[in-house]
Amino acid sequence: MKRFQPILMIAGISLLTLVGCSNGEQATIETTPAATSNANVAANPATTSTAGNDGLLAVVSKTKTAVTSGNFVQAKKEFDKFEDVWKEVEDGIKAKSRDNYDAVEKSMDEISGELKAAKPQKDKLITALQSLEKTINAVSKS
């Protein structure tokens with residue numbers, strides 16, 4: 001029995017070591033693509049912003065169409081896509097113009113909040129979407 005105890009301890013330590021090593025490898029693999037993606041945005045913000053701005057404008061247009069027709073559920077689904085596109089270009093826009101970056105963030109919050117309301121106000125949403133569209137166009141021109 002005395003011989004079995006050290007073997008059991010060594011086996012337990014070995015198992016913990018292996019588990020610890022495999023978790024570290026997964027974390028490295030998972031973080032590498034994100035770092036690469038951010039490096040591409042930082043390295044080439046102009047190209048990313050132009051393509052991204054078109055994507056942002058497309059989302060705003062689809063959201064505006066849904067709001068105009070009174071389909072707020074569809075409008076929310078469409079506007080939820082905005083955040084995904086925004087993540088790709090926000091650093092480039094922030095580097096170009098902090099004012100436009102802040103305006104986009106403010107509009108996003110306003111539109112998201114209104115779309116989550118029990119009874120969204122159509123006029124308020126259209127005005128906010130037009131303002132957001134104007135800001136995105138201003139970024140494209142700068």
Side-chain angles (χ1 to χ4, degrees), residues 3-142:
R3 282 209 239 172
F4 182 69
Q5 210 172 22
I7 293 172
L8 185 60
M9 288 177 55
I10 291 172
I13 292 171
S14 298
L15 182 63
L16 289 174
T17 303
L18 289 173
V19 170
C21 289
S22 68
N23 284 344
E25 290 172 11
Q26 282 181 336
T28 303
I29 292 169
E30 290 174 9
T31 57
T32 302
T36 304
S37 175
N38 289 340
N40 289 341
V41 171
N44 200 353
T47 304
T48 305
S49 293
T50 303
N53 289 351
D54 292 342
L56 293 173
L57 290 171
V59 171
V60 170
S61 177
K62 290 178 183 178
T63 304
K64 199 182 335 177
T65 300
V67 168
T68 302
S69 68
N71 188 347
F72 297 112
V73 173
Q74 183 63 32
K76 184 175 180 336
K77 285 181 186 177
E78 291 297 337
F79 197 71
D80 285 345
K81 298 172 188 173
F82 191 90
E83 183 69 31
D84 295 333
V85 180
W86 178 241
K87 286 178 184 176
E88 296 176 15
V89 298
E90 70 179 311
D91 290 336
I93 292 173
K94 193 178 198 179
K96 275 184 167 182
S97 170
R98 180 67 189 205
D99 291 339
N100 285 331
Y101 172 84
D102 290 340
V104 170
E105 287 282 330
K106 181 180 177 187
S107 293
M108 283 173 51
D109 291 343
E110 182 180 350
I111 294 165
S112 293
E114 191 62 35
L115 287 170
K116 290 176 185 174
K119 291 186 178 183
Q121 295 179 17
K122 186 176 182 178
D123 293 339
K124 189 174 181 180
L125 278 167
I126 290 174
T127 301
L129 286 163
Q130 288 171 342
S131 174
L132 179 58
E133 188 174 48
K134 183 179 176 182
T135 303
I136 294 166
N137 283 323
V139 169
S140 297
K141 292 176 184 176
S142 64

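Count residues from 1 along the sequence.
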Between side-chain atoms of residues 114-126 and protein atoms elsewhere (two or more places apart, or another chain), which donor-acceptor pairs fall under 3.5 Å?
unit_1, atom_1, unit_2, atom_2, d
Glu114, OE2, Gln121, N, 2.6
Lys122, NZ, Thr68, O, 2.7

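Atom CH2 in Trp86 sits 6.5 Å away from atom OH in Tyr101 (nearest 0.5 Å). Atom CG of Asp102 is separated from atom CD1 of Ile93 by 11.5 Å, given to the nearest 0.5 angstrom. In this structure, Asp54 CG and Ser61 OG are separated by 12.0 Å, a value rounded to the nearest 0.5 Å. Between the CG atom in Leu129 and the CD1 atom in Ile111 there is a gap of 4.0 Å [rounded to 0.5 Å].
Across Asn53 and Ile136, no two heavy atoms sit closer than the pair O-CG2, 3.9 Å. A pairwise comparison of heavy atoms in Thr63 and Ala75 identifies CG2-O, 3.7 Å as the closest pair.
Ser131 places no side-chain N or O within donor-acceptor distance of the main-chain N or O of Thr127, the cut-off being under 3.5 Å.
Pairs of residues two or more places apart, or lying in two chains, that qualify as salt bridge (Lys or Arg N to Asp or Glu O under 4.0 Å) and include a residue from residues 60-79 are Lys64-Glu133, Lys76-Asp80, Glu78-Lys81.
Side-chain contact between Leu132 and Phe82 is present, with heavy atoms from C-beta onward closer than 4.5 Å.
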